[in-house]
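Written out below as structure tokens is the structure these notes cover.
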Amino acid sequence: MQDKIILYDISSNLMPKAWSPNTWKARFVLNYKGLPYETVWVSYPDIAALWERLGLSPDIDKSGKPNTFLPIISVPSNEGGPPTVIAESFNIALCVCLFSRTTTPPQFTDETYWFMWFRFLDHEYPDTPRVIPPNTAALQASFVQTLRSTLISSLGPLLVSQIPSKLDPGGASYFVRTRKESWAVQNLEDIAPYGSEKRREFEKKLHASFRTLYALLSSNGGMREQDIFSPPTSPIISSGSGFPFNSAGVSVDVGGGVKLGRTGETHWVMGPIGPTFADFALGGILYWIQSVENPAEDGEGKRGTGELWSKIKTWNG
């Protein structure tokens, strides 16, 4: 019988292995709440079979293929029933504290369930910190969608060619084949070739998106630019000793040497009541860039260029 939460994450050859922005969001939520869980690493070509084994029914994408993805978490029942299976990190943020006491395992793979289960989030585990404060689900969802339509839309073309070398052999082959099909290119390097005008245009769009993001976060007051872009002082992710969330000096280790914290007058997306899911969504994106771009990774084929991350840290300075 399952006795703890299981997080299904995308396998890699990195250390730490976690790298995907979407699965990092779920990992942040679980770690921040202090809920015990174990990670099951899944190679890209095995994700569809996992969905079938867990009894999930995926949507069909525009090409007519099942839309299967990670993260997925499986939450055990305290009453001996089957576990509850939840897909997509925002649903995980809403539901992770909720269904461990159910005997009938609902399935959550559609974002229309967000509001249905929101009111139960704090009820089930009132002693864990909230990641979606009351009456903010729509705001959180809007912010995450903004990140997808701005940062992700520009980052994808800039990072895609570096990702296969970070994956296991089966995952790398699957990733290259499917991305070449979706981008309609012969080589992933053709999407945004280094030194090309096409790449410079993507970088300009990304720079503009970060400027907008900085302006939004600065409107909270007290937000310093280095708190967004510099890992050692980031309110989202840090490889150092971390920083306190509040005056009590609380900090949370979110795994892989990463800690969450806050410095001085820094405010989160929701201001001083953070961190919330919106911060975890942004943190997942930043950690994704670092993981893929990291020029210090050991091992043949795993070293990133570091070029993009180096530029990002200097923008709007």
Side-chain angles (χ1 to χ4, degrees), residues 8-14 16-26 41-52 56 58-72 87-89 109 144-145 147-206 209 281 284-295 297 299-309 311-312:
Y8 294 93
D9 201 345
I10 303 172
S11 181
S12 79
N13 57 26
L14 298 172
K17 293 175 72 71
W19 65 276
S20 165
N22 288 323
T23 58
W24 258 115
K25 287 184 291 187
W41 301 101
V42 184
S43 183
Y44 263 114
D46 300 328
I47 294 175
L50 173 66
W51 273 61
E52 183 175 355
L56 294 171
D59 294 330
I60 304 300
D61 64 22
K62 295 179 180 179
S63 66
K65 298 178 180 179
N67 182 27
T68 57
F69 50 82
L70 295 180
I72 293 173
E88 214 288 323
S89 50
T109 60
V144 173
Q145 183 57 43
L147 294 179
R148 289 174 178 171
S149 61
T150 56
L151 298 186
I152 295 294
S153 63
S154 296
L155 280 168
L158 295 169
L159 296 177
V160 64
S161 65
Q162 295 189 67
I163 293 175
S165 65
K166 314 301 188 298
L167 305 176
D168 62 277
S173 297
Y174 178 92
F175 186 91
V176 171
R177 176 176 57 81
T178 55
R179 272 50 180 187
K180 284 165 62 175
E181 291 176 356
S182 61
W183 285 93
V185 293
Q186 292 295 318
N187 299 289
L188 295 185
E189 291 76 9
D190 297 336
I191 297 173
Y194 285 93
S196 68
E197 184 61 30
K198 183 185 297 186
R199 189 172 189 86
R200 284 190 287 271
E201 285 301 315
F202 280 123
E203 289 184 357
K204 288 178 182 177
K205 291 179 181 179
L206 181 63
S209 297
I285 293 172
L286 296 178
Y287 200 78
W288 174 45
I289 304 170
Q290 288 183 291
S291 298
V292 174
E293 280 268 300
N294 191 352
E297 290 290 347
E300 184 179 356
K302 290 164 50 178
R303 187 169 285 110
T305 67
E307 177 184 316
L308 180 61
W309 183 242
K311 291 180 179 180
I312 290 173

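Count residues from 1 along the sequence.
For the pair Lys166 and Trp19, the cation-pi criterion (under 6.0 Å, within 45° of the ring axis) is not fulfilled.
Side chain of Ser182 to main chain of Arg179: a donor-acceptor pair is present (N/O by atom type, distance under 3.5 Å, no hydrogens or angles). The backbone N or O of Gly171 sits less than 3.5 Å from a side-chain atom of Ser43, completing a donor-acceptor pair. In terms of modelled atom types and a separation under 3.5 Å, the side chain of Arg199 and the main chain of Ala192 share a donor-acceptor contact. The main-chain N or O of Leu286 is never found under 3.5 Å from a side-chain atom of Trp309 such that the two would form a donor-acceptor pair. For the pair Asn187 (side chain) and Asp190 (backbone), a donor-acceptor distance under 3.5 Å is absent.
Look at Glu203 and Arg200 and you find no salt bridge, because none of the NZ, NE, NH1 or NH2 atoms lies under 4.0 Å from a carboxylate O. Contact check on Lys198 versus Glu201 returns no salt bridge, with no Lys/Arg side-chain nitrogen under 4.0 Å from an Asp/Glu carboxylate oxygen. Lys311 has a carboxylate O that lies under 4.0 Å from a charged side-chain N of Glu307, or vice versa, which qualifies the two as a salt bridge.
In this structure, Tyr287 and Pro16 have side chains that are in contact, with non-hydrogen atoms separated by less than 4.5 Å. Between Leu167 and Tyr174 the shortest side-chain heavy-atom distance does not fall below 4.5 Å. Phe69 has its side chain out of reach of Asn22: every pair of non-hydrogen atoms, C-beta onward, lies at least 4.5 Å apart. At least one side-chain heavy atom of Val144 sits under 4.5 Å from a side-chain heavy atom of Lys25.
Here the shortest heavy-atom pairing between Ala18 and Ser291 reads O-OG, 4.1 Å. Considering every non-hydrogen atom in both Gly284 and Trp24, the closest pair reads CA-CB, 4.0 Å. The two atoms that bring Ser154 and Phe202 nearest to each other are CB-O, 3.8 Å, heavy atoms only. What you find for Ser12 and Leu14 is that their closest heavy atoms are OG-N, 3.1 Å.
For Ile152, the side chain to side chain contact (heavy atoms under 4.5 Å, CB included) partners are Ile285, Trp288, not counting sequence neighbours. In terms of the side chain to side chain contact (heavy atoms under 4.5 Å, CB included) criterion, Glu52 has no residue partners (sequence neighbours excluded). Val42 is linked by a side chain to side chain contact (heavy atoms under 4.5 Å, CB included) to Tyr8, Val40, Asp46, Ile47, Leu50, Leu70, counting only residues two or more places apart in sequence or in another chain.
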Working for side-chain contact (heavy atoms from CB on, under 4.5 Å), residues Leu308 and Leu206: CA-CA 10 Å; Leu308 180 61; Leu206 181 63; 4.0 Å; yes

side-chain contact (heavy atoms from CB on, under 4.5 Å) evaluation trace for Tyr44 with Asp168: CA-CA 9 Å; Tyr44 263 114; Asp168 62 277; over 6 Å; no

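Residue-environment remark: NZ (Lys17) exceeds the threshold of 12 foreign heavy atoms within 6.0 Å. Enclosure of atom CD in Glu181 by more than 12 non-hydrogen atoms of other residues, nucleotides or ligands within 6.0 angstrom is indicated.
For the atom pair Ile312 CD1 and Leu151 CG, the distance stands at 8.5 Å (nearest 0.5 Å). The OG1 atom of Thr178 sits 12.5 Å away from atom CH2 of Trp183, with the distance rounded to the nearest 0.5 Å. One distance of note links OG1 of Thr150 with CD of Gln145; it measures 9.5 Å at 0.5 Å rounding.
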